[in-house]
Amino acid sequence: MGNLKAARKFANKRRQIIKATDERIKEEDRVIRKKKEDEQAIKKIEAPKTSAAMFLKFNTQLGPPFHVLVDTNFINFAIKNKIDVMTGFMDCLYAKTIPYVTDCVIGELEKMGQKFKIALKILRDPRFKRLQCSHKGIYADDCLVQRVTQHKCYIVATCDKDLKRRIRKIPGVPIMYISAHKFSIERMPDAFGASK
C-alpha cells in the first residue's frame, strides 16, 4: 500500500509543479488558453472584392438583352396592378428582356396554394427561363441575393422592402419595382422607366 500512496502523492505533486498549459502534457489533457485581443491594435476587416465587370461605378455586364431575376411578390403585384409582365419589361427598359425564375421562387408560390395559381401559371410560361438551385431550403430571398453576388449580369425585379435593402448593399445591381401602375428601375445609368 505504501508504494501506491507514494505514487499518488508524486502524481499530485507533479500536477502542481507542471502547469496545465505546459506543452509536455498530452494534448487532450492540456488546457489551451487563448490570447486576449489587444483593443488598441489595428483590426483588419476584409471587404468583399469588387467584380471585374464594375467599371468605375457602372456595371459593364448590363446591356441588352437584359436578364431579369423575378421575385415572388413582383409577379403578385404585377397581377394586382393588371400589368402584362413582358410588355412592362419592354416599356421600362426599351430593349429585349429575358426573365429568369429560380426553383425557390416557384417553390414559394407552390407553397402559397390555390390563391396564387395565376402567378404560377405566368411563371411557367416558356418565355421565362428556369434557373436550377443547388442550395438547401427554398427561401427565395437568400437564393436571389446569393445568385446576384456571384453574377452581376442580373436586374432583380422585386417589391419586397427587405430584399431591396439587402440588394442595395451589393454594388452594380439594379432593382426593378412597381410604382404608379408601371415598372420602374433604380440604380441604372440610363434609368429609362424611372419617374423623375
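In this text, all values refer to a predicted model and were calculated from it rather than measured experimentally.
Aromatic rings of Tyr94 and Phe66 (six-membered ring for Trp) have centroids beyond the 6.0 Å cut-off, not under it.
Here CD1 of Ile122 is found 8.0 Å from CG of Asp84. Values are rounded to the nearest 0.5 Å. The distance from atom CG of Asp71 to atom OG1 of Thr102, rounded to the nearest 0.5 Å, is 8.0 Å. Atom NZ of Lys152 and atom CZ of Arg147 lie 14.5 Å apart (nearest 0.5 Å). Atom CG in Leu144 sits 10.0 Å away from atom OH in Tyr139 (nearest 0.5 Å). With rounding to the nearest 0.5 Å, the separation of NE2 in His151 from CD in Gln146 is 9.0 Å. To the nearest 0.5 Å, the span separating CZ on Arg127 from CE on Met86 amounts to 5.0 Å.
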Apply side-chain contact (heavy atoms from CB on, under 4.5 Å) to Phe128 and Tyr100, showing your working. CA-CA 6 Å; Phe128 281 79; Tyr100 289 91; over 6 Å; no

Evaluate Arg166 against Val148 for side-chain contact (heavy atoms from CB on, under 4.5 Å), listing each step before the verdict. CA-CA 11 Å; Arg166 287 174 68 183; Val148 162; over 6 Å; no

Run the numbers on Met176 and Cys92 for side-chain contact (heavy atoms from CB on, under 4.5 Å), then give the verdict. CA-CA 9 Å; Met176 186 179 284; Cys92 181; 4.1 Å; yes

Step by step, work out the side-chain contact (heavy atoms from CB on, under 4.5 Å) result for Phe183 and Leu93. CA-CA 9 Å; Phe183 295 168; Leu93 295 169; over 6 Å; no

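Side-chain atoms of Thr158 and Asp141, non-hydrogen and from C-beta on, never get closer than 4.5 Å to each other.
One hydrophobic cluster, built from ILVMFWY side chains closer than 4.5 Å, cannot hold both Met90 and Ile75; they sit in different ones.
Residue Leu62 comes nearest to Gly172 through the heavy atom pair CD1-O, 4.1 Å, listed as atom of the first residue, atom of the second, then distance. Asn73 approaches Cys159 most closely through the heavy-atom pair OD1-N, 3.3 Å. Between Ala78 and Val85, the closest heavy-atom pair is CB-CG2, 4.3 Å.
Around the CD1 atom of Ile118, the shell of radius 6.0 Å holds no more than 12 heavy atoms that belong to other residues, nucleotides or ligands. No more than 12 heavy atoms of other residues, nucleotides or ligands sit less than 6.0 Å from atom CZ of Phe77.
Phe74 and Phe89 have parallel rings, their planes meeting at less than 30° on a 0 to 90° scale where 60° marks the start of perpendicular.
Put simply, the side chain of Ser179 never gets that close to the backbone of Tyr177: no donor and acceptor are under 3.5 Å apart. Between the side chain of Asn81 and the main chain of Ile83, no donor-acceptor pair closer than 3.5 Å is present.
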Table please: side-chain donor-acceptor pairs of residues 105-117 below 3.5 Å, with sequence neighbours left out.
from   : atom 1 : to     : atom 2 : distance (Å)
Glu108 : OE1    : Thr72  : OG1    : 2.6
Glu108 : OE2    : Ala140 : N      : 3.4
Glu110 : OE2    : Arg124 : NH2    : 2.5

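Residues in residues 95-105 take part in these salt bridge (Lys or Arg N to Asp or Glu O under 4.0 Å) pairs, two or more places apart or across chains: Asp103-Arg130. Residue pairs meeting the salt bridge (Lys or Arg N to Asp or Glu O under 4.0 Å) criterion with at least one member in residues 153-163, sequence neighbours excluded: Asp162-Arg165.
The pair Lys164-Glu186 does not count as a salt bridge, with every side-chain nitrogen at least 4.0 angstrom from each carboxylate oxygen.
Exactly one of Val68, Val145, Val70, Val173 qualifies for a side chain to side chain contact (heavy atoms under 4.5 Å, CB included) with Val156. That residue is Val173.
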